[in-house]
Amino acid sequence: MKMISKHWRLPCSNLKWLTMNTRKRAGLNRAILLAAVSVLFVRCAIAESILLAPESIEATSKDVKRYSVSSLDLSKAEQEVGTVTANRSVTGTSLSVAGKKFDKGVGMYAPGRLMLRLAPGALRFTAQVGVDDFELVDESKVSRIPNTDGTMRLTRDTASGEQFIGITDKSGNIPKGSVVFRLLDGERELWTSGVMKKGETAKRVDIDVRGVSWLTLTVDNDGDSVSGGYADWIDAEILHLGPPPVSVSKKEMRDDKRQSMSMPAGVSGFLAGLPVYPGRQRPESDWLLDNSSFKSALYKGDRADELVMDNGLVSRVFKLSPNTATIDIYDHNTGRTLLRGIKPEATLQIGSKSYYIGGLDGQPDYGYLDYAWLDDLQLMPNAFILSGISTSPIKPRMKWARERRADKFAQWPPDGIELAMQYTCNELPGVEVTVHYNLYDGIPLFCKWFTLKQNGKKDIELETYQSDLLALTEYNITINKMYIDLESPPQTIIFETDYAFGGMNQVSTSSRSIEFMEDPEYTSQVNYSRKSRLLAVSRPEYGTHVLLKTGDTFQSHRTWELVTDSYERERRSLAQRKMYRTVAPWVTENPSVMHIRHARRVDEASVKKGIDDCAAIGFDSAILTFGSGANIENMSQENLNYLKKLADYAKSKGVEIGGYSLLAASRRGPEASIISPETGKMGGGRYNNAPCLDSDWGDEYFANLRKFYEYTGFSLFEHDGSYPGDRCASTKHHHRGAGDSQWEQFKVITSHYKWCLANNVYLNVPRRKDVRSII
């Protein structure tokens with residue numbers, strides 16, 4: 001009832017007044033009261049019928065008006081050739097489809113479009129569409145003007161000037177041609193005729209346009225040629241309760257959309273409160289030698305909807321309307337722009353449908369980004385829209401006990417700023433996505449991740465996601481397909497994530513979450529086959545496949561993006577080293593460790609001798625490693641007391657002591673082991689057999705480890721891991737199936753490692769690169 005309330009609210013709202021007051025009038029006949037009430041209900045029902053039964057609008061309300069499209073200003077229409085014409089074919093002849101003449105309508109020539117702005121109160125669009133019957137009979141006064149593609153443009157002189165007739169094919173003839181009629185709401189298709197050809201009976205159009213602000217009448221050929229594309233919109237009308245529709249130009253529509261899609265009040269207010277961006281300046285000092293002056297801050301950019309995140313070394317520039325998009329990552333040291341195109345800030349696959357977080361559509365060329373294009377970009381389909389924005393200092397992502405010797409200059413949490421952008425989607429009420437960005441002081445480094453709050457009434461299944469997509473500029477150029485596999489990833493950014501395992505170097509572990517992909521939108525690239533891998537995507541290897549119920553919160557993995565200013569190996573390595581020391585300062589602990597081994601059992605005298613040796617030589621710690629006979633999974637009181645005694649002795653000598661636990665390559669029995677999705681049996685993993693961490697066994701295993709360390713005072717933990725990422729198809733474990741098994745087990749193992757850091761337990765885990773750092 002909202003759109004018709006100004007016509008009907010008064011009599012309907014008077015119903016309560018009438019019934020209350022007439023009850024106070026003792027002399028009023030009851031029948032009169034009932035009759036009055038009936039009349040008012042009928043009138044309200046008539047108003048409701050405008051929405052519920054639009055086909056009967058004309059019979060139910062005199063307020064509904066019919067506006068003919070042919071009466072509007074058609075000069076604002078866009079058409080490649082010819083002029084859009086009112087009540088005539090584009091050739092100037094009478095409108096005629098399949099031998100039937102018509103008096104009113106709009107003549108167009110495909111391809112072309114007519115854009116209309118509809119005021120609130122628009123109800124329906126009606127018309128008939130078809131290909132005009134025009135045939136060229138008399139060529140005596142026809143001019144043929146050759147086109148560069150071998151076709152000809154036909155015109156003739158009339159009293160009012162030159163009249164367009166049509167376009168021939170390369171043979172000089174005008175074939176029947178083909179036309180596809182479409183009605184669009186922005187980029188959303190409301191109706192299409194399918195392919196229509198000359199001689200076919202006109203098709204009727206009758207669609208609901210309530211809530212449509214911009215209606216576009218579009219005609220296209222079917223890809224055969226532009227010849228013969230005579231398109232007639234017969235008796236095209238808009239039924240309306242309010243002001244008439246208005247035809248608009250492309251620029252007017254763009255300006256209208258920009259105004260109507262302005263930033264939410266909270267976002268524009270946040271932006272207005274920021275200082276003006278001082279501009280890009282070359283750093284005066286080398287940040288690897290002196291980084292004290294490079295402080296992170298937020299600024300409002302040159303454009304009214306531009307936000308800049310900058311620390312003097314690197315900047316990330318956002319456009320905030322009609323939605324958020326990263327439009328530049330800029331390296332101040334080299335003066336390089338690292339992005340060639342706009343991608344969404346993140347993507348979600350919920351069920352079988354994909355959703356975009358932010359992003360803008362319509363970039364003409366993905367080889368580079370021209371700022372002149374920005375005003376023409378539109379919302380992406382199925383997009384979450386920016387609804388709020390906030391900032392804060394960088395928050396610690398985990399606790400760090402910091403009791404062991406470490407770099408005294410290390411900051412935790414590191415200095416810098418966090419930017420958080422909130423998004424919502426009308427299609428998924430109650431679901432809010434917040435994208436987080438960290439920019440660190442003194443280093444050209446970003447971190448990005450997102451959180452999803454599920455407050456909707458219905459459960460949703462998050463199949464997978466992409467937490468960042470960067471269309472990177474070309475690092476090197478490979479023309480032929482055969483050399484693509486030899487190509488190294490783009491060298492302008494070093495990527496690291498906390499979703500990393502199954503290897504001993506940065507490349508192998510990061511492959512679990514970072515992929516360099518082909519960009520199908522980059523059609524102007526040099527590579528003949530368009531196979532250049534210049535789209536960097538951060539995503540979980542096998543997706544997540546998690547079910548989110550009302551009240552659940554999901555957090556993605558984090559991606560660190562270190563902008564490099566050199567291709568020289570040593571400088572890049574120093575920059576990478578600085579990154580780890582900034583985001584994970586516990587890597588600077590690095591105690592010296594002696595491994596104590598014994599063939600069959602833990603011999604007290606031998607262990608004490610090893611501890612004494614550590615103290616004498618200067619070792620910080622000793623680990624009862626594999627082969628020592630120590631079993632830190634044994635929860636018997638006798639074992640706990642014995643190992644606590646050894647830990648107390650080590651402390652008396654100023655030495656830390658730790659233990660070892662086999663995990664990744666161990667066989668734990670059918671109830672606890674990984675079940676291969678391929679065979680349905682145990683084994684087949686990276687190290688053949690491995691336990692499933694997201695199981696009853698896993699719960700008990702990690703609970704026992706924590707109990708052991710809390711009781712004994714051991715403070716080093718050696719693991720033959722971390723967990724290598726095997727998927728598990730068991731239906732008896734906590735995970736739902738193979739789909740979510742890797743993700744759920746990853747959460748289990750990292751939760752334990754975080755507990756270790758918070759409780760001053762040093763991690764010695766060789767099979768996951770920098771497990772002590774990027775957890």
Around atom [atom1] of [X], are there more than 12 heavy atoms from other residues, nucleotides or ligands closer than 6.0 Å?
X      : atom1 : value
Gln637 : CD    : yes
Gln555 : CD    : yes
Lys453 : NZ    : no
Lys395 : NZ    : yes
Phe409 : CZ    : no
Arg577 : CZ    : no

Any donor-acceptor pair under 3.5 Å linking the side chain of [X] with the backbone of [Y]?
X      : Y      : value
Ser296 : Gly416 : no
Asn759 : Val761 : no
Thr434 : Ala420 : no
Glu345 : Thr326 : yes
Ser695 : Cys692 : yes
Asp552 : Lys549 : yes
Ser592 : Asp620 : yes
Arg397 : Val583 : yes
Asn311 : Ile443 : yes
Gln745 : Asp726 : yes

With the threshold set at 4.0 Å, does a side-chain nitrogen-carboxylate oxygen contact exist between [X] and [Y]?
X      : Y      : answer
Asp468 : Arg316 : yes
Glu604 : Lys645 : yes
Arg572 : Glu568 : no
Asp740 : Lys747 : no
Lys608 : Asp612 : no
Glu461 : Arg736 : yes
Arg405 : Glu589 : no

Checklist entry - Is Lys448 positioned over the aromatic face of Tyr437, cation under 6.0 angstrom from the ring centre and no more than 45 degrees off axis? => result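 Pair Lys448/Tyr437 does not count as cation-pi.
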
Next on the checklist: Using the ring centroid of each side chain, check whether Phe717 and Tyr762 are separated by less than 6.0 Å.
Outcome noted: no

Next on the checklist: Would you say the ring centers of Phe554 and Tyr465 fall short of 6.0 Å from each other?
Outcome noted: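 Close enough - the centres of the two rings lie under 6.0 Å apart.
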
Does the side chain of [X] reach to within under 4.5 Å of the side chain of [Y], using non-hydrogen atoms?
X      : Y      : answer
Ile357 : Leu348 : yes
Phe626 : Leu662 : no
Met517 : Arg533 : no
Phe294 : Asp441 : no
Phe714 : Leu624 : yes
Arg404 : Ser715 : yes
Asn333 : Asp286 : no
Asp310 : His332 : yes

[Y] versus [X], side-chain donor and acceptor atoms under 3.5 Å:
X      : Y      : value
Thr750 : Tyr499 : no
Glu496 : Tyr580 : yes
Glu718 : Thr625 : yes
Ser285 : Asp290 : no
Ser538 : His557 : yes
Gln466 : Thr347 : yes
Glu518 : Ser532 : no
Thr334 : Asp565 : no
Glu541 : Gln742 : yes
His595 : Tyr660 : no

Next on the checklist: Checking Ser673 against Trp697 for the side-chain contact (heavy atoms from CB on, under 4.5 Å) test, could you report, in this order, the C-alpha distance in whole Å, the side-chain angles of both residues, the deciding distance, and whether it holds?
Outcome noted: CA-CA 9 Å; Ser673 293; Trp697 177 90; over 6 Å; no

Next on the checklist: Let's go through Glu638 and Ser636 carefully: what are the C-alpha distance in whole Å and the side-chain angles of both, what is the deciding distance for side chain to side chain donor-acceptor pair (under 3.5 Å) to 0.1 Å, and is it a yes or a no?
Outcome noted: CA-CA 5 Å; Glu638 179 184 5; Ser636 70; 5.3 Å; no

Item to check | side chain to side chain contact (heavy atoms under 4.5 Å, CB included) partner of Ser621, chosen from Val593, Ile611, Asn764, Ile657 | outcome: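 The single option meeting the side chain to side chain contact (heavy atoms under 4.5 Å, CB included) with Ser621 is Val593.
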
Checklist entry - Would Leu534 and Asp519 satisfy side-chain contact (heavy atoms from CB on, under 4.5 Å), going step by step from the backbone distance to the final call? => result CA-CA 7 Å; Leu534 295 169; Asp519 187 351; 5.6 Å; no

Rounded at 0.5 Å granularity, tell me how far [atom1] in [X] sits from [atom2] in [Y].
X      : Y      : atom1 : atom2 : value
His436 : Thr391 : NE2   : OG1   : 12.0 Å
His733 : Asp696 : NE2   : CG    : 8.0 Å
Glu561 : Ile493 : CD    : CD1   : 5.5 Å
Leu757 : Trp755 : CG    : CH2   : 11.0 Å
Ile623 : Leu716 : CD1   : CG    : 5.0 Å
Asp331 : Thr492 : CG    : OG1   : 9.0 Å

Item to check | Under the side-chain hydrogen bond (donor to acceptor under 3.5 Å, both in side chains) test, residues paired with Ser556 that sit two or more places apart | outcome: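 Partners of Ser556 under the side-chain hydrogen bond (donor to acceptor under 3.5 Å, both in side chains) test: none.
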
Item to check | Heavy-atom closest pair, residues Phe746 and Asp498 | outcome: CZ-O, 2.6 Å

Checklist entry - In terms of the angle between their ring planes, are His752 and Phe702 parallel, tilted or perpendicular, with boundaries placed at 30° and 60°? => result tilted

Next on the checklist: Pair Thr464, Tyr542 - check side chain to side chain donor-acceptor pair (under 3.5 Å), show working.
Outcome noted: CA-CA 8 Å; Thr464 190; Tyr542 292 110; over 6 Å; no

Checklist entry - With Tyr711, which residues qualify under ring pair (Phe, Tyr, Trp, His ring centres under 6.0 Å), at least two apart? => result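 Ring pair (Phe, Tyr, Trp, His ring centres under 6.0 Å) list for Tyr711, sorted by chain: empty.
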
